[in-house]
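The first residue in the sequence is number 1, and the count goes up from there.
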Amino acid sequence: MYFNDEHILFRETVRQFIAKEVIPNANTWEAERHIPKEILKKMGDMGYLGLLFPEEYGGSKADFWFSVVFLEEIARSYMGGFSTMISVHTYMAINHIFKAGSEELKQKYLIPAIAGEKLAALGITEPDAGSDVAAIRTTARKEGDEFVINGSKTFISNGFYGDFITLACKTETPVDTASAGVAGISLIVVDLDAEGVTKTKLNKMGWHSSDTAEIKFDEVRVPVSNLIGYENGGFYYLMESLQIERLVAAVMAVAGAELALEETLKYLHEREAFGKKIAKFQAIRHKIAEIATEIEMSKHFVYNTCQMFSEGKVVVKECSMAKLYTAELAKRVTDTCLQFFGGYGFIEDYPICRMYRDVRVGTIAGGTSEIMKEIIAKIVIDEVKYSKVY
Ligand SMILES: Cc1cc2nc3c(=O)[nH]c(=O)nc-3n(C[C@H](O)[C@H](O)[C@H](O)COP(=O)(O)OP(=O)(O)OC[C@H]3O[C@@H](n4cnc5c(N)ncnc54)[C@H](O)[C@@H]3O)c2cc1C
């Protein structure tokens, strides 16, 4: 009921693109732990990176359902690393520049990012501050018409091969007092090849093709004009954008779970034991019935949240619930599915093996399940209200 003929046609186009340009490269990109930037350019040329943005910046300002279709299809690439690279770039890092950045920043960073010529990262998490965003310690001190940045970030997707980063910094001193906590954070765009930036690639359990880096900033100088929006307004920008980030994660989690189920159904009809297809064993059938039900139910909740989001409603509660439920669901589904592959589920040649590894981080990245519960509890129990920032 949410998708019209144009969305359906768009889905076919994206699916064909992923089948031709992405899936055949998956094993190589995973093994090399690197996705070549050419694919970003190809996606830019297809208009896939600008669905949210107006034409003047190279986008198409399509309705949100085109994004939902796009995210569902990239989640079917059998590579959590690929969908992360693209979704972080488009729906997380550059969204801030579009929403609150100056025209100069839009010309310099947003347009090439939408065209797929520059890869973007979002830098919030630090070695000593993840869930507690207000506790970040990376500083940006003003000297004349420049910010001088010192500190480090970790677990940054697109951080090693990326061209620039939307960086959360403390612009108010003292950096470690409660008074400078949430109010003292600003978002600043930093070129990742700037002098004083050093990057180290991190070895991960899954998402092998995605580059995840620790980045150090040592007296890195950027023009004051690289500030996004208001100085000391960064925390509020980040909090608002968490809605779309969590919704994006939820859409992709459901699509990934659905793909795992599809792969498993094929196998159940092929594999035999005790003289019959394993699809005939009741223990398996009931488990499949359970996960199929859960996927279907959560899909509709996520779609409903997408609808509310696209109408401009504040959906902090719904997005947090969607992220919490679908990330846990995807983990459970993939575990169950792998079990039905028997020993083959543990073998790299079978896609379910990578899916199982990749899905694990879903309950951690982009806000842990515990933090989702904290947010939901504050809304449900303490009646905390959220309003729009942008
Ligand atoms: C592969 C990967 C990619 C990532 N990409 C990015 C990126 O591009 N940009 C970026 O900025 N970050 C990124 N992250 C970081 C991610 O968002 C953080 O890892 C996450 O927010 C958790 O922070 P942390 O790891 O510091 O854990 P911590 O905050 O130290 O939490 C440790 C444990 O304590 C729990 N906990 C913490 N506070 C509470 C509380 N109040 N109540 C109950 N339990 C609590 C947590 O749920 C967790 O179980 C990425 C992480 C990974 C693994």
Rounded distance [0.5 Å steps], [atom1] in [X] versus [atom2] in [Y]:
X	Y	atom1	atom2	result
Asp358	Ser209	CG	OG	7.0 Å
Lys170	Glu172	NZ	CD	9.5 Å
Gln307	His300	CD	NE2	13.5 Å

Consider ring pair (Phe, Tyr, Trp, His ring centres under 6.0 Å). Of Tyr356, Tyr344, Tyr78, Phe340, which one does Tyr350 pass it with?
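Running ring pair (Phe, Tyr, Trp, His ring centres under 6.0 Å) over Tyr356, Tyr344, Tyr78, Phe340 with Tyr350 returns exactly one hit, Tyr344.
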Hey, mind stepping through Tyr237 and Asn95 against side-chain hydrogen bond (donor to acceptor under 3.5 Å, both in side chains) and telling me if it holds?
CA-CA 10 Å; Tyr237 296 141; Asn95 206 19; over 6 Å; no
Should the pair [X]-[Y] be classified as a salt bridge under the 4.0 Å nitrogen-to-oxygen rule?
X	Y	result
Lys266	Glu263	yes
Arg11	Glu72	yes
Glu258	Lys299	yes
Glu290	Arg332	no
Lys142	Glu231	yes
Glu214	Lys216	yes

Can you see whether Asn150 engages Thr139 through a side-chain donor-acceptor pair at a distance of less than 3.5 angstrom?
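The criterion, which ignores hydrogens and geometry beyond distance, is not satisfied for Thr139 and Asn150.
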With a 3.5 Å cut-off and no angle check, do the side chains of Glu103 and Gln107 form a donor-acceptor pair?
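On atom types as modelled, these side chains qualify, holding a pair under 3.5 Å.
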If Ile, Leu, Val, Met, Phe, Trp and Tyr residues are connected whenever their side-chain heavy atoms lie under 4.5 Å apart, and connections chain through other members, are Ile185 and Ile149 in the same group?
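No; Ile149 is not reachable from Ile185 via cluster members.
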Is there a chain of hydrophobic side chains (I, L, V, M, F, W, Y, each step under 4.5 Å between heavy atoms) that links Trp207 to Val88?
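No, because Trp207 and Val88 fall into different hydrophobic clusters, even though each may have its own neighbours under 4.5 Å.
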[X] and [Y]: aromatic ring centres closer than 6.0 Å?
X	Y	value
Phe301	Tyr325	no
Phe3	Tyr303	yes
Phe17	Tyr48	yes

Worked check of salt bridge (Lys or Arg N to Asp or Glu O under 4.0 Å) between Asp45 and Lys41:
CA-CA 6 Å; Asp45 291 345; Lys41 182 73 180 71; 2.6 Å; yes
Decide yes or no on side chain to side chain contact (heavy atoms under 4.5 Å, CB included) for Met252 and Thr84, but give the supporting numbers first.
CA-CA 10 Å; Met252 295 200 300; Thr84 300; 5.8 Å; no
Phe53 and Phe98 aromatic ring geometry - parallel, tilted or perpendicular at 30°/60° bounds
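If you compare the ring of Phe98 with that of Phe53, the planes turn out perpendicular.
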Would you please test Ile74 and Ile18 for side chain to side chain contact (heavy atoms under 4.5 Å, CB included) and show each step?
CA-CA 7 Å; Ile74 61 172; Ile18 299 293; 3.9 Å; yes
Can Thr336 and Lys287 be said to form a side-chain hydrogen bond (donor to acceptor under 3.5 Å, both in side chains), step by step?
CA-CA 8 Å; Thr336 302; Lys287 211 69 200 149; 5.2 Å; no
Write down the atom of Thr326, the atom of Ser298, and the distance for their closest heavy-atom approach.
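Shortest heavy-atom separation between Thr326 and Ser298 comes out as CG2-CB, 4.2 Å.
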Please determine whether side chain to side chain contact (heavy atoms under 4.5 Å, CB included) holds for the pair Met79 and Arg354, giving the CA-CA distance in whole Å, both sets of side-chain angles, and the decisive distance to 0.1 Å.
CA-CA 8 Å; Met79 250 188 305; Arg354 185 190 303 145; 3.9 Å; yes
What's the verdict on side chain to side chain contact (heavy atoms under 4.5 Å, CB included) for Ile39 and Phe82, showing C-alpha distance, side-chain angles and the deciding distance?
CA-CA 10 Å; Ile39 190 67; Phe82 173 74; 4.1 Å; yes
Stepwise salt bridge (Lys or Arg N to Asp or Glu O under 4.0 Å) check, Glu328 with Lys331:
CA-CA 5 Å; Glu328 296 288 347; Lys331 198 168 81 174; 3.6 Å; yes
Without swapping roles, check the side chain of Ser241 against the backbone of Leu238 for a donor-acceptor pair under 3.5 Å.
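The answer is yes, because a donor-acceptor pair under 3.5 Å joins these two groups.
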